[in-house]
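What follows is a short report on a single structure.
So you know, we letter chains A, B, ... as the sequences are listed, proteins then strands, and number each from 1.
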There are 2 protein chains.
Amino acid sequence: MPLIRQARRQGGLALLAKQQGLRLTRQRRLIYSILEAAQTHLNAKQILAEAQKFDPGIDQVTIYRNLAVLKRLRVVDELDLLHLKGDQHYYEARQVRAHSHVACLSCGKVFEFYTPAMKTIDQALEKECGFEVSFTRIEIGGYCAECRKKRGVSPASLKGHKVPRSVEPERI
Amino acid sequence: MPLIRQARRQGGLALLAKQQGLRLTRQRRLIYSILEAAQTHLNAKQILAEAQKFDPGIDQVTIYRNLAVLKRLRVVDELDLLHLKGDQHYYEARQVRAHSHVACLSCGKVFEFYTPAMKTIDQALEKECGFEVSFTRIEIGGYCAECRKKRGVSPASLKGHKVPRSVEPERI
DNA sequence: ATCTATTTGCAAGTCATTTGCAATAACAAC
DNA sequence: GTTGTTATTGCAAATGACTTGCAAATAGAT
């Protein structure tokens with residue numbers, strides 16, 4: 001998408017926004033720059049906290065509204081991360097190539113992973129169904145090498161037991 | 001997982017549930033059988049509606065609680081479908097092989113797609129990272145062949161405009 | 001500097017999902 | 001079959017992410 005690349009080249013959303021009749025407000029710039037600077041995905045609450053360091057008056061609605069705009073502009077991706085971290089959405093500045101989020105169901109760690117097969121999926125879909133892929137979201141759950149070592153291969157008991165929500169490994 | 005296969009073979013959850021100290025209530029059976037019979041993903045509300053046809057007194061909390069149990073037992077998968085259909089979760093009885101949900105951003109249609117490359121991803125992750133994959137969720141957004149024909153290749157204007165929530169194509 | 005449409009912040013809503021709790025029912029042991 | 005224990009249910013109330021209405025503020029074109 002040439003539009004997006006152009007916007008990036010001038011260090012922001014200026015051109016892209018202008019072409020859509022959107023305005024580049026202080027808040028909008030800030031929210032985008034936070035996502036751009038973050039090396040990882042953030043949820044609305046985290047973005048709000050970060051934004052308030054620079055603009056204490058900024059409201060959460062502004063975060064939500066701008067995330068919606070940035071999604072429409074396709075410069076930000078929305079993820080769901082398997083609800084591993086609770087029921088919020090996570091956002092990240094759009095990456096160049098497809099990648100997946102891999103979550104360890106034992107320790108809760110989330111990392112990104114890329115392999116060429118991801119591109120192959122899109123190509124197959126295009127060829128077999130004539131579908132034009134805009135974005136692909138791949139989320140993988142399982143057990144990381146460390147946890148496998150630590151606890152043997154078998155996942156913890158499936159029996160439910162209470163754990164604080166923010167910590168719960170939420171096996172799916 | 002041999003446990004799951006066993007449970008399936010006897011036509012339900014009996015063995016699997018017993019081994020976890022869980023009870024096979026009327027409601028639990030019903031909810032599982034609805035998902036098993038459905039050829040597609042359903043959300044909590046749809047499951048409740050269907051369940052009430054057979055058990056009018058069944059409550060929505062029972063749906064939610066049992067979906068959580070069935071997820072833990074790994075006989076039901078939870079999807080998010082890109083929030084194309086609103087902010088609810090969708091559930092389906094666990095399928096044998098990995099598959100993806102492909103959503104058309106224009107008409108809202110969701111279909112399933114499988115290509116061997118999906119398996120390749122899991123293998124790459126296993127080989128490169130020593131990660132044990134439990135499940136893979138692939139969600140793809142874009143434009144289906146029909147909509148591409150109808151409206152030309154370009155997606156609708158990116159400019160925001162109000163559309164009832166249940167209908168909005170929610171471009172990401 | 002002016003004008004107009006977009007955007008903001010606040011307050012109040014919405015809605016899926018969760019939790020507390022007493023009553024009910026599974027199922028194992030008699 | 002009866003009994004006892006404990007998981008599960010249904011109800012009502014709460015939670016929490018996200019959205020909406022609206023008047024005031026401001027970006028950006030003229």
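- Where B/Tyr91 and B/Thr25 meet DNA chain C, the nucleotide closest to each residue was compared, and B/Tyr91 sits on the side nearer the 5' end.
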Criterion side-chain contact (heavy atoms from CB on, under 4.5 Å) on A/Arg148 and B/Phe131, from CA distance to verdict: CA-CA 8 Å; A/Arg148 286 175 75 182; B/Phe131 191 93; 5.8 Å; no

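- If you measure from atom CG of B/Asn66 to atom P of C/dT18, you get 13 Å, rounded to the nearest angstrom.
- Across all strands shown, B/Gln60 has heavy atoms under 4.0 Å from base atoms, whether or not it also approaches the sugar-phosphate.
- Note on A/His89: a side-chain N or O is less than 4.0 Å away from OP1 or OP2 of D/dC18.
- The distance from atom CZ of A/Arg23 to atom C1' of D/dA25 is 11 Å, rounded to the nearest whole Å.
- Here D/dG28 presents its P atom at 10 Å from CG of A/Leu22, a figure rounded to the nearest Å.
- Using modelled atom types and a 3.5 Å distance limit, the side chains of A/Glu139 and A/His101 yield no donor-acceptor pair.
- B/Arg26 comes within 4.0 angstrom of nothing in the nucleic acid, heavy atoms only.
- For B/Asp55 and D/dT8, the CG to C1' distance is 13 Å, given to the nearest whole Å.
- Atom CG of B/Leu70 and atom P of D/dA7 are 18 Å apart (whole Å).
- Going from atom CG of B/Leu24 over to atom P of C/dT24 covers 22 Å, rounded to whole Å.
- B/Arg29 is listed as a side-chain neighbour of B/Leu24, based on a closest heavy-atom distance under 4.5 Å.
- Taking the nucleotide of DNA chain C with the nearest heavy atom to each of A/Gln27 and B/Gln27, the more 5' of the two is matched to A/Gln27.
- Relative to the side chain of A/Thr62, the nucleotides C/dA16, C/dT8, D/dA12 differ in distance, and C/dT8 lies closest.
- With rounding to whole Å, B/Asp59 atom CG is found 10 Å from D/dT9 atom P.
- With contacts defined as side-chain heavy-atom distances shorter than 4.5 Å, the pair B/Ser100/B/Tyr114 does not qualify.
- A/Tyr64 has its OH atom 14 Å from the C1' atom of C/dC15, to the nearest Å.
- Below the 3.5 angstrom threshold, one finds no donor paired with an acceptor across the side chain of B/Arg65 and the base of D/dT9.
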